[in-house]
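Numbers for residues simply follow the sequence, beginning at 1.
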Amino acid sequence: MQISLAKTLAASLLLLLLQFNPSLCKRERRNCNMVRPYAVKWQKKDKKRKLEETFASCSAHEREEEEEEEEQNHVEEEQAEREEEEIPGLPVVAKPIDGSKKKKGVIFVLEKACLEVGKVGKNFQILNSDDHSNYLRKQNRNPADYRPDIIHQALLAIFDSPLTKAGRLQAVYVRTEKGVLFEIKPYVRMPRTFKRFCGLMSQLLQKLSITAVGKREKLLNVIKNPVTRYLPIDSRKIGLSYSSEKSVSLVDYVSNASDDTTLVFVVGAMAHGVIDKENMDDFISICNYPLSAACCLNRICSALEHKWNIR
């Protein structure tokens with residue numbers, strides 16, 4: 001009984017205090033409003049946890065992509081090192097013994113070849129659209145412009161022809177898009193595979209020359225511009241382009257050429273564009289359709305073989 005009377009008295013006193021002091025009531029209401037329900041706190045914690053999980057998954061995915069790129073770069077570096085180790089020199093094709101040195105030959109000039117060296121990882125490599133597309137896009141370059149396979153196919157078309165095997169090829173000059181000019185001797189055996197060719201070109205552009213196997217003779221050598229200083233005095237420079245207004249039959253054109261002049265054919269070795277017409281004695285078109293550099297060179301070699309009875 002005494003406890004219940006004490007409780008009732010305390011409750012009545014609280015009511016009186018609230019009536020005479022309304023500021024206490026306002027404070028109690030504020031405290032009640034400031035207290036958050038447990039469910040709201042849990043929902044916010046749950047959202048925060050989900051956000052953290054999504055950020056963690058995204059970062060893990062990015063880490064995986066970076067690891068894959070690093071592994072790919074590591075594999076490319078190892079391949080480049082192997083290629084450099086495997087190219088101590090170039091083999092030489094046996095020179096023909098038929099007195100063909102006294103006869104007139106042909107010179108080829110391949111313009112605007114896409115041979116650019118870039119540092120990929122720890123090694124320097126010839127950039128191409130297949131293996132270095134991500135590297136080129138990061139540097140705001142168009143991968144479609146990097147086509148060293150065009151010059152590789154063009155050189156194979158020249159050096160595999162019966163014209164070259166008969167000893168009628170005098171020299172081959174290649175000028176890159178960056179303006180680097182180098183000479184290739186006519187008795188070089190070009191690499192058959194594209195990877196080995198890229199390793200050879202990378203070595204040439206860095207060391208400026210490549211010698212024969214077991215010899216000191218320079219088979220590929222970087223030389224000074226312009227190319228006209230290395231051409232014979234009696235040479236006739238002929239540029240080939242699909243855009244030329246002068247369309248000719250190549251077999252008739254070559255057969256009508258004088259035997260006392262050295263024919264110099266200038267062909268573009270790029271994916272798109274036109275060679276310069278300056279310092280050309282003639283500028284012709286040999287087909288109604290655009291041709292690749294390798295196809296164009298095959299036609300030139302076939303026409304010259306027909307002229308000189310090479311079978």
Residue set satisfying salt bridge (Lys or Arg N to Asp or Glu O under 4.0 Å) with Asp276, at least two apart, ordered chain then number -> none
Got a salt bridge between Arg175 and Glu111, using NZ or NE/NH1/NH2 to carboxylate O under 4.0 Å?
yes
Are Arg192 and Asp160 ion-paired here, with the side-chain N under 4.0 Å from a carboxylate O?
yes
How many angstroms lie between atom OH of Tyr146 and atom CD of Glu177, to the nearest 0.5 angstrom?
8.0 Å
Can you name the residues that form a side chain to side chain donor-acceptor pair (under 3.5 Å) with Asn140, not counting sequence neighbours?
none
Take the angle between the ring planes of Tyr173 and Tyr230 and call it parallel below 30°, perpendicular above 60°, tilted in between.
parallel
Looking at residues at least two apart in the chain, or sitting in another chain, which of them share a side chain to side chain donor-acceptor pair (under 3.5 Å) with Asn256?
none
Per-pair distances, 0.1 Å, donor-acceptor, side chain in residues 284-294, under 3.5 Å, sequence neighbours excluded:
unit_1: Ser285; atom_1: OG; unit_2: Cys287; atom_2: O; d: 3.2
unit_1: Ser292; atom_1: OG; unit_2: Cys295; atom_2: N; d: 3.3

Determine the sole option in Val174, Thr211, Leu204 for which the side chain to side chain contact (heavy atoms under 4.5 Å, CB included) test with Leu220 is passed.
Leu204
Is a salt bridge present between Lys246 and Asp282, judged by a nitrogen-to-oxygen distance below 4.0 Å?
yes
Excluding sequence neighbours, so at least two apart, what forms side chain to side chain donor-acceptor pair (under 3.5 Å) with Arg229?
none
With a 4.0 Å cut-off, would you call Lys104 and Asp260 a salt bridge?
no
For Cys198, does its backbone N or O pair with a side-chain atom of Ser202 as donor and acceptor, under 3.5 Å?
no
Results of side chain to side chain donor-acceptor pair (under 3.5 Å) for Ser243 - residues two or more places apart only:
Ser241
CA sep, side-chain torsions, deciding dist, call: Asp259, Lys307, salt bridge (charged side-chain N to carboxylate O under 4.0 Å, His left out)
CA-CA 10 Å; Asp259 293 332; Lys307 176 182 172 66; 3.2 Å; yes
